[in-house]
Amino acid sequence: MKTISVLFVCMGNICRSPTAQGVFRHLVEQEGLAHQILTDSAGTIGYHAGDQPDRRARQTALKRGVDLSDLRARRVRTEDFESFDYVIAMDRANYNDLLEICPPNHEERLHLFLDFAPHLPEDEVPDPYYGGVAGFDRVFDLVEAASRGLLQHIRERHFS
């Protein structure tokens with residue numbers, strides 16, 4: 001049985017990428033695909049390594065039925081491009097940082113997350129860290145839409 005692995009990446013790995021991992025993992029579990037699709041998240045900086053996701057991200061996710069409490073921040077590594085089928089950046093700045101460490105011939109694994117939600121007017125998941133709770137709600141909404149599109153893409157490309 002084929003296994004697909006997905007790594008979500010933002011800057012610090014405490015807001016957007018763990019939210020994306022949690023939402024996508026939850027969706028994958030609901031669809032009965034947890035044994036076929038593996039998830040992780042990381043940051044382009046290692047400042048928060050070992051920390052739980054931001055309290056506001058955990059609270060926003062939990063009130064929508066997604067538990068992020070088991071996740072811990074880590075820094076992305078060049079080897080991740082060999083370990084993961086998909087490396088998903090939350091915004092262009094992180095995409096460009098990832099492109100700098102991407103080994104040759106692995107660029108096709110790198111994607112901008114909201115490319116999987118073309119119906120949305122946004123093309124980047126904004127960083128909610130310096131704002132209020134409403135920013136975390138918006139991030140959750142964007143991540144949820146992109147997660148559905150990513151899952152559909154994976155199903156069509158790898159499981160049909």
Q) Could you state the interatomic distance from CG (Asn13) to OG1 (Thr19), rounded to the nearest 0.5 Å? A) 10.0 Å
(Q) Could you measure the distance from the OG1 atom of Thr78 to the CG atom of Leu98? Nearest 0.5 Å is fine. (A) 9.5 Å
Q. Looking just at side-chain N and O atoms, do Arg148 and Gln152 make a donor-acceptor pair shorter than 3.5 Å?
A. no
Q. Where is the tightest heavy-atom contact between Asp91 and Val125, given as atom of each residue plus distance?
A. CB-O, 4.3 Å
**Q.** Reported CG-to-CD distance for the pair Asp115 and Glu124, which is rounded to 0.5 angstrom
**A.** 10.0 Å
Q: Tell me, yes or no, whether the heavy-atom count around Phe159 atom CZ, taken from other residues, nucleotides or ligands under 6.0 Å, exceeds 12.
A: yes
Q) How far apart are the closest heavy atoms of Glu82 and Pro103, and which atoms are they? A) OE2-CG, 4.2 Å
Q: Supply the atom-to-atom distance Leu151 CG to Phe24 CZ, rounded to the nearest 0.5 angstrom.
A: 5.0 Å
**Q.** Side-chain donor-acceptor pair present, Tyr86, His153, cut-off under 3.5 Å
**A.** yes
Q) Atom CG of Leu33 and atom OG1 of Thr3: how far apart are they, to the nearest 0.5 Å? A) 11.0 Å
Q. Looking at Asp70 and Arg25, does any basic side-chain N land under 4.0 Å from a carboxylate oxygen?
A. yes
Q) Does the cation-pi check pass for Arg56 over Tyr129, that is, NZ or CZ under 6.0 Å from the six-membered ring centre and within 45° of its axis? A) yes
Q: Return the minimal non-hydrogen interatomic distance between Ile88 and Phe116, and the atom names on each side.
A: CD1-CE1, 3.8 Å
Q: Please determine if Asp67 and Arg58 form a salt bridge, counting it only when a charged side-chain N lies under 4.0 Å from a carboxylate O.
A: no
